[in-house]
Amino acid sequence: MTTLARATDTLTRDALTVLQPGFAGTTAPDWLLRRLGEGLASVALFGRNVTSPEQVAALTAQLRAEREDVLVAIDEEGGDVTRLEVRTGSSFPGNHALGAVDDVGLTRAVAAELGRRLAAAGVDFNWAPSADVNSNPDNPVIGVRSFGADTDLVARHTAAYVTGMQSAGVATCTKHFPGHGDTGVDSHHAVPHIDVDADVLAERDLVPFRAAIAAGTRAVMSAHILVPALDPDRPATLSRRILTDLLRGELGYDGLIVTDGIEMQAIAGTYGIERGTVLAVAAGADAICVGGGLHDEGTVRRLSDALVEAVRAGELPEERLADAAERVRALARWTAANRPADGAPDTADGDVGLRAARRALRVTAAEDVAPLTEPPYVAALTPVANIAVGNETPWGVAAELGRLLPGTETGSFHGADAGSEALAAAGSRRIVAVVRDEHRHPWMAAALDVLLAARPDTMVVEMGVPRARPRGGLHVATHGAARVCGRAAAEAIAGV
């Protein structure tokens with residue numbers, strides 16, 4: 001007969017195994033190393049944990065010295081959402097740029113090279129790609145993170161991304177199931193609703209996830225969205241109908257199911273993180289992502305205690321928790337078996353990101369536009385960044401233009417007076433106006449109106465979703481704000 005002490009130890013280890021927590025700092029704190037010894041099987045890295053690839057490699061080596069099979073996860077989409085290059089901007093364009101090119105071989109190559117760099121740094125689990133069909137052009141949180149608004153395009157590039165990244169030994173986590181593209185609310189702040197019927201969901205939103213499953217994605221991330229056609233009562237992360245009946249049953253998926261950040265307000269503000277964690281595992285989730293906001297030992301203890309107590313109270317079947325923990329361990333075995341012997345594949349294609357960014361450009365020029373030969377003034381019309389992107393990562397074209405045209409000056413502007421303020425700051429210099437989702441920000445469109453009325457030769461660089469009509473002496477759509485997108489745009493502006 002199993003003793004209570006032994007049973008409790010197994011239960012606690014399983015509870016720790018399903019958590020994927022973050023932490024503060026660029027080296028592993030003592031509490032995290034101790035928890036790895038007690039059963040914690042995954043660690044999540046965020047921008048605050050990264051200063052360089054070499055530092056990340058040292059950090060992951062420190063983690064694996066404590067537990068060799070630990071899963072090291074990261075939210076590295078490339079493009080606007082980068083953690084490995086959080087201080088500089090990404091060397092890879094994001095999904096929207098790849099969708100604009102629509103070359104699945106290129107998408108596969110970009111994902112493989114990004115995976116190679118993650119593997120070299122000791123990261124073996126990536127919470128990417130986004131398989132969301134960006135069907136709502138006013139979506140405040142997906143946007144350029146999506147391959148596009150066309151279902152078939154998103155499906156084929158999602159599959160190519162999964163294949164490319166996993167060829168480097170890095171497990172993908174396709175997100176945000178059952179599809180976050182038709183939302184007008186950011187789930188970091190509240191619960192978004194998708195009010196369409198089940199047929200639309202099946203024909204539009206679920207198709208890319210089917211493609212990812214067919215391509216062998218090792219994990220799928222749930223969305224904190226309410227989809228009444230599938231479950232009128234609970235958001236997908238907490239819904240057995242969506243995670244177990246639909247994803248596992250109808251779609252036949254047998255890999256790891258991970259929640260989006262459990263501390264996001266869509267869950268934390270409605271159910272609380274402890275109750276949300278228990279409900280998510282009961283619904284069919286196998287791993288709980290936490291650490292984007294809460295990243296302390298107390299959070300890990302609260303969530304593991306909540307799971308243990310739920311099992312003891314009969315609210316969560318012990319078999320369900322054990323199954324979830326085993327799926328985490330199975331993914332760890334896959335990554336260990338597929339990890340390159342030297343930490344990275346032998347082949348590298350360091351220029352693939354820049355090549356992709358150049359191919360993604362869409363340039364519209366007025367007939368009488370004069371080339372830019374003198375250092376300009378770059379007016380960045382800057383929106384508030386969503387939480388997924390963050391405000392740590394630089395974006396724009398000023399730095400890249402400064403390398404090509406030394407003496408380039410820049411400023412950031414926001415709000416009702418942005419246009420007049422930018423005009424005053426520019427003086428007699430030629431203006432390059434940089435925008436991000438002009439169609440979603442009336443103040444930004446108004447600022448461009450002011451600039452173009454006074455200075456029709458103003459060049460416009462759109463680094464978001466290019467829904468607004470092209471205007472200006474030269475209009476460059478980059479389909480994303482990665483560093484390489486800024487470089488490609490600067491080259492087009494300077495004519496090099």
Side-chain angles (χ1 to χ4, degrees), residues 1-21 32 34-44 66-73 124-125 127 171 173 177 213 217-222 234 236-249 251-260 262 267 271 273-291 299-337:
M1 181 176 179
T2 304
T3 65
L4 179 61
R6 181 176 176 81
T8 302
D9 180 66
T10 299
L11 191 56
T12 300
R13 292 187 72 86
D14 284 349
L16 285 169
T17 296
V18 304
L19 302 181
Q20 297 190 335
L32 185 66
R34 184 175 65 254
R35 291 292 183 178
L36 288 173
E38 294 172 356
L40 189 68
S42 307
V43 173
E66 187 66 35
R67 177 168 181 163
E68 186 177 0
D69 65 345
V70 63
L71 280 170
V72 181
D124 54 10
F125 186 31
W127 292 324
C173 183
F177 188 83
I213 292 167
T217 188
R218 307 306 301 186
V220 169
M221 178 176 281
S222 67
R234 287 186 173 172
T237 292
L238 311 183
S239 170
R240 182 174 179 83
R241 295 184 190 179
I242 293 174
L243 298 188
T244 298
D245 297 345
L246 175 60
L247 181 54
R248 293 232 185 270
L251 272 62
Y253 177 65
D254 194 40
L256 190 77
I257 299 176
V258 185
T259 71
D260 207 344
I262 205 70
I267 300 298
Y271 295 86
I273 62 170
E274 294 96 337
R275 182 66 179 159
T277 293
V278 171
L279 291 174
V281 175
D286 307 304
I288 306 295
C289 168
V290 63
T299 298
V300 173
R301 182 172 56 251
R302 286 165 59 194
L303 298 188
S304 61
D305 285 352
L307 289 167
V308 170
E309 290 166 8
V311 171
R312 290 173 172 166
E315 298 174 358
L316 174 65
E318 185 172 358
E319 296 78 9
R320 169 78 275 270
L321 180 61
D323 173 65
E326 177 51 34
R327 289 182 187 276
V328 175
R329 297 179 189 117
L331 180 60
R333 289 193 294 271
W334 183 90
T335 58

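All heavy atoms count here, side chains included; hydrogens, waters and symmetry mates do not.
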Any idea which heavy atoms bring [X] and [Y] closest together, and the distance?
X    : Y    : result
A306 : V278 : O-CG2, 3.6 Å
V308 : A15  : CG2-CB, 3.9 Å
L243 : A283 : CB-O, 3.7 Å

Residue R302 excluded, over 12 heavy atoms near CZ under 6.0 Å | yes

Using 0.5 Å steps for rounding, measure from the [atom1] atom of [X] to the [atom2] atom of [Y].
X    : Y    : atom1 : atom2 : answer
F177 : I213 : CZ    : CD1   : 7.0 Å
T277 : I267 : OG1   : CD1   : 9.0 Å
E326 : L331 : CD    : CG    : 11.0 Å
E66  : L36  : CD    : CG    : 6.0 Å
L19  : S304 : CG    : OG    : 6.0 Å
I273 : I288 : CD1   : CD1   : 10.5 Å

Are R35 and E38 within salt-bridge range, i.e. N to O under 4.0 Å?
-> yes

Flag the pair R329 and D286 as a salt bridge only when some basic side-chain nitrogen lies within less than 4.0 angstrom of an acidic carboxylate oxygen.
-> no

With sequence neighbours excluded, residues passing side-chain contact (heavy atoms from CB on, under 4.5 Å) with A73 = F125, W127

Apply side-chain contact (heavy atoms from CB on, under 4.5 Å) to A282 and list each qualifying residue two or more places apart in sequence or on a separate chain.
-> L316

Could you tell me whether a side-chain N or O of [X] sits under 3.5 Å from a main-chain N or O of [Y], the two making a donor and an acceptor?
X    : Y    : value
T17  : G39  : yes
R248 : G255 : yes
R240 : D245 : no
Y271 : E274 : no
T244 : R241 : no
T12  : D9   : no
Y253 : A219 : yes
T237 : T259 : no

Residue pair [X] / [Y], side-chain heavy-atom distance below 4.5 Å:
X    : Y    : value
V220 : V258 : no
I242 : R234 : no
R218 : W334 : yes
V43  : P21  : no
Q20  : V290 : no
D69  : R67  : yes
D305 : E309 : yes
V18  : D14  : no

